[in-house]
There are 2 protein chains.
Amino acid sequence: MRPGPYERHRELLHHAVQAVAAGERCAPFTETTWRGAADAGMRSTRTAAKVFGSLLGRAFDLDQPGELGRVATETSPYGTAMGIGYPRCDPAVLLAAAGRATAGWRVAGLHHRTGLVLEMLRRLNTRSHELALAVHHTTGQPLPVAFRAAGPRAQDRALEAVAQAFAESERVPAGLRREETRRRGQPLPVCGTSTLVPRGVSLLIGCPDYPLWNGYPGLFTSLVTGNPVVVAPHPRSVLPLAITVRIAREVLAEAGQDPDVVTLAVAEPGERLHQRLATDPAVRIVDFTGSGRFADWLRQHACQAAVFATRTGLNTVIVDSTDDYRGLLGGLALALCRCSGTARTTPQNILVPASGFDTDEGAKSLREFGADLAEAVDRLLAHPARVARLVGALPGDEVRAALEEAGRYGSVVHASQPLSLPGRPVVDVRSPLVVRLGARHERVYTREWPGPVAFLVGTESTAHSLDLFRRTVGRHGALFAAVHSTDPLVLAAVETAALDAGVHLVENVADDLPADPSSAIADLPGAGAHFVTGRFRVLRSRHASAPAARESADALLDV
Amino acid sequence: MRPGPYERHRELLHHAVQAVAAGERCAPFTETTWRGAADAGMRSTRTAAKVFGSLLGRAFDLDQPGELGRVATETSPYGTAMGIGYPRCDPAVLLAAAGRATAGWRVAGLHHRTGLVLEMLRRLNTRSHELALAVHHTTGQPLPVAFRAAGPRAQDRALEAVAQAFAESERVPAGLRREETRRRGQPLPVCGTSTLVPRGVSLLIGCPDYPLWNGYPGLFTSLVTGNPVVVAPHPRSVLPLAITVRIAREVLAEAGQDPDVVTLAVAEPGERLHQRLATDPAVRIVDFTGSGRFADWLRQHACQAAVFATRTGLNTVIVDSTDDYRGLLGGLALALCRCSGTARTTPQNILVPASGFDTDEGAKSLREFGADLAEAVDRLLAHPARVARLVGALPGDEVRAALEEAGRYGSVVHASQPLSLPGRPVVDVRSPLVVRLGARHERVYTREWPGPVAFLVGTESTAHSLDLFRRTVGRHGALFAAVHSTDPLVLAAVETAALDAGVHLVENVADDLPADPSSAIADLPGAGAHFVTGRFRVLRSRHASAPAARESADALLDV
C-alpha cells in the first residue's frame, strides 16, 4: 500500500517541528542539500518560462462553484500582456462551498491535513521559478527578489508556520484528566475526550507586493488547524496566489478531499469583494497584511472574525548619532531604493534632530545629511545592472501619483527620476523621492505612502523624535523600526519606546535585512503561538464510563 | 535577606505547572494536606463573620485615584442590610492610572509578577470564609455553595490559570536564533532578544452569579502576562471582587509596585460603566462571562480589544431515550433547583420528541415526562434543610419578573412556588418554573431567561431536536449541553452537532457536576493556550554584535 501524505512527509515535518522548538533555522527548501523536500526536482527556468507564457491571454481554470464569468485585472509593469481571465465566482456560493467542506476537513484530522499541506508545499517548490515569474510580472520586483519572495524561502517560511501549527495543535491532549462523580457514596468514573474544533471559514486577503511571502503563513496555518480558506488576492497580483490555489485544489482532489477547502475569490476592483467577504457572518478568520487604515477597518467591521492583521504602517528610522556615517548613508540609500520602496524594511519616516547630529565625520546638519543621503542614492543607482537587480519596475499608477503629490509638501532632498533598465526602454523605473519636512507636518508623514517616498523629519531633539515615534507608530503600526545612536542611554530609551509602540527594532545595523529572512515568521502577529491558537477552540465531551445506576434524586444529593 | 515573592512561592508554582502539563489535578488550596499554600492558616468562620459584619454600612476604602463619591448598589437577598459604599472613581482617571502602571508592571518581569499574584492567592485563601459570606449575601447562593465558588476551589482554579499563563509565557525564548548579515563577504553576527509585550489595560466585567469563579481566570492571567486590570463588578455583587482588589492592591503596594495595577470601577447601574470602559481606546483586553447578547455587543463595539467572552447562553439537554429514567428525572430536578437555576449546569431548554421516548420503564409521552419531572422536583424540595443547602435565595427582581412572564408562553408543567427556609421567613426562595412549549415558539426559548426557568420543548423527532440544538446553541452559545440516549448512532450525531454548535457535551451523566470543578478551566474560551497567548505579543530587538564596520553602499550590495 502507498503511504499516506503524512507518512511521506513525516520526516520533513518532525525535522521542522524540532527546529522550531529549538529556535533553530529550518530551511529544507532553501538548502538544496536536504533531500525529500525537493525530491521531484524544481522545474528549470526554461520550462517555467514556457509554462508561464502558456498562461497568458487565457482563461485560468479552477473548476470552482458559482462561476459568473471571467475577470482580468493584472497588468505587468514590464510590458508583458497578462490578460489572464480568472473565474469570477459568486462570493455567497464560494462561502457556502467552504462551509460544506468544513466538516470533512475537520474530520480528516490533524495528521492527514498536515500531510496534505506538506504535499502542497512540495509541489509549490517544484514550481518556484514559475511562481517567481508570476510575482515579478505582477509586482514589478526584480526577478531575483521575486524568486526569494516566492520560491524556496517562502516555502521554508510556510513550513515553519506549518510546523508551529502542528506542534501547537498536538499540545492539546486528546484525553481529559479522569473525573469522578459519586453516587450512593460510590465513585463513578467519568471519561472524556477533548477535540480541537476549527474556528471556521478563513479568508486570506492578498497583498499586492508580497502575495506569497505574506500570504502563506496564514493560509497554511488555517489549513493545518482545520479551517477552509477563501483566498482573495489583491487585483494587481492574482496569479501567484491563483497558481497556489490550483495546486492546493489538485492535492485535495487527488486525496479524495473536497477541493473547495481552498478557493480563489476575485472580482473587479470596484466590487469591494474584500469588504464583502470579510464581513460575511460565515467568515471566522481573516488574515491581512497591509495598510493600517484597512487593518482598522477590518477590526471595526469584521467583528465576527478573529483578525490577524499585520500593518505595514510607518517604517521609521531614528537617527541620533553614529560612528559609521558612511555605513548609515549606504544602508539608508539601499533601503530606500530596494524594490521601488516596497521592501519590508524600506523606511518612510527618518526622524533626525533639526539641529543636526554627531558622527565619526564630525557634526552633520540636517541639510548636509539630506545632501549626503541624496548623493549616496545617486551613487547606488549609477549602474544600470544594479538598478535592474535592486529596484525593479514601478508597480502601479497610484505610486506615480504619490511621487508627484509628496514632493509638494516640503523641500525635495532627492527628486524621483526615471531610470533606465538596459534593453527594456518601456519599463517605468524610478529613483526614490526624499522630502525634508518639519515635525509639525504630521498629517503628511503619518499617511502611508506607497512606493519610494521617504520623509526626512526634522525634530527638536532625539527626545522629541522618540515622542513622535512612540505616538505615530503606536497609532499606525509599522513592520520595523531602526535606531542609530552611539549613546547607550538613547538605545535603552528607544528599546522601551519600541515596546510601547509595539514594533520590532533594529539597532545600529546599517543593512537591516538578516541573511535568513525565513525567521520573519517571528514578525507575525502575536509572534507564534497566538497566530495558531486563535484559529481553533477545544471542546470536551464527557460520559459516564459505566451505565448510570438507577437511583433517586435523594441519593444524588448525598454528594 | 528575605526571599522575594517568586522564591517564596516557587515550589507551589512548579507543582502547579507540572500538574497542568501532565493533565493532572492541581488543588493545593482544596487539599488541606498540602502545606505552603495555606501556611498562614485560613481565618475561622467566626472571625470571618466578624470581619464581614464590620464591612456593612460603611465606606469601603481603596485609596484609588479620581474618587468622585460613593456608591452602594447591593442588597442581600437574605435581608442583611449591606450599605457598603464603594469609591466611585472617574473612569478616565482609573484608565489613565492603569496606563501609568503598565510600564512598571511590564518591567517587573514574568517571575516577579507571578510571585506577587501567588501571594495574592495565598492571602485570598486565608480570607475564604469572608469571601464566601460576600458571595452568599450578594448572589443568594447557599453558604456551602458560595464557599465552593469563592474559597479554596476558586483559588485552585485561579492557580491553574496562573500556572498556564506562566508556562505559556516562559515558552517564548528570550534569545533569538543567531542571524548574520554579510559585509564585504565577511559574516557579521547579529544578536537579538525577544520580549513579551503585554497587550495593555485589561477590563474584567464581573458577573452577578459567580463573580470570583468566573472572574479569577481572566484577572490573574492578565496580571501574570503583564497587563494591569480594571475590575468592574456587576452592581449586584461588588463585595467579593472589591475584597479581592483590596488584597491585590495591598500586595502590590507592599512590594513597592504601583497599586493601580489593579483597580475597582463601580458606578450606579444607570451609568453604563461597563460599556463606557469596554469601548475606551485604552482598554485592550476584555474578560466577560454572561449573556450572549452582551457578548455580541462587546464583539461589535469593543473592537480595539481582545474580547474573551464566555456566553452563558442556552444550556440545553437533548432527551432521546434512557435506560435510567429515574436517574434522568432526579438529575434534571437537581439541576433545575440548584442555586435558583443559576448553576453552570442548569438547563434552560430540554428538547424532547413530542411523541415521547423510550425508557427502561416503557415509553413515556412528553406529558408524562413533564408530570414525572414536576414530581421529582417536588420530592427534592420536600425537606426544608435540603432547600437551604441546595436552592438559596432568589437574587433579584428581574428573576421574579421572569418567573411571572415565562409562565404565560406555554403549559406550566411545574409552577414556581415560594419555599420556606427554616427560621428565615423573610427570605424569598422559589421552586423552578417548568413550561412546556412547541418547537415553533423559538422566540421564547432562545431568550436567555434568568433564574429557575426551564422549557420542555416538544420537537418532531430527535433529528429535529438536533437541528434546533445546532442552530440555537450555535447562535446563542451555552455553557454546557447534555444528551440522554441509549442509541450509539444518536450519541455520535449529537457529538458532531455539539462540535458544530461549539459547546461542551455531557453524555448520559445524570449528575453532571464532576467532583473536581477546578477542571472547569478547560471550559474557558479557547480552552487554554489562546486564553493566555492573546494577552501579549512578542517583539524583537536586534543589533550587530560588533560595531558596524565603515563601508560603502557598494560593498553592502555584494549580498
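Numbered from 1 within each chain, the chains take letters A, B, ... in sequence-line order.
A donor-acceptor pair under 3.5 Å is formed between the side chain of A:Asn508 and the backbone N or O of A:Ser485.
Contact annotation for A:Thr496: both backbone and side-chain heavy atoms come within less than 4.5 Å of a heavy atom of chain B. Using a 4.5 Å cut-off between heavy atoms, B:Val503 contacts chain A through its backbone alone, with no side-chain atom that close. Proximity to chain B (any heavy atom under 4.5 Å) is shown, for A:Asp296, by neither the backbone nor the side chain.
Taking 4.0 Å as the cut-off between side-chain N and carboxylate O, B:Glu168 and A:Arg171 count as a salt-bridged pair.
With contacts defined as side-chain heavy-atom distances shorter than 4.5 Å, the pair B:Arg542/A:His504 does not qualify.
Taking the ring centroids of A:Phe536 and B:His530, they lie at or beyond the 6.0 Å cut-off.
In this model, no donor atom of one side chain and acceptor atom of the other lie less than 3.5 Å apart for B:Thr322 and B:Thr359.
For the set A:Ala306, A:Gly502, A:Ala498, the count of heavy-atom pairs under 4.5 angstrom toward chain B peaks at A:Gly502. Between chain A and the options B:Arg199, B:Arg299, B:Arg106, heavy-atom pairs under 4.5 Å are most frequent for B:Arg106.
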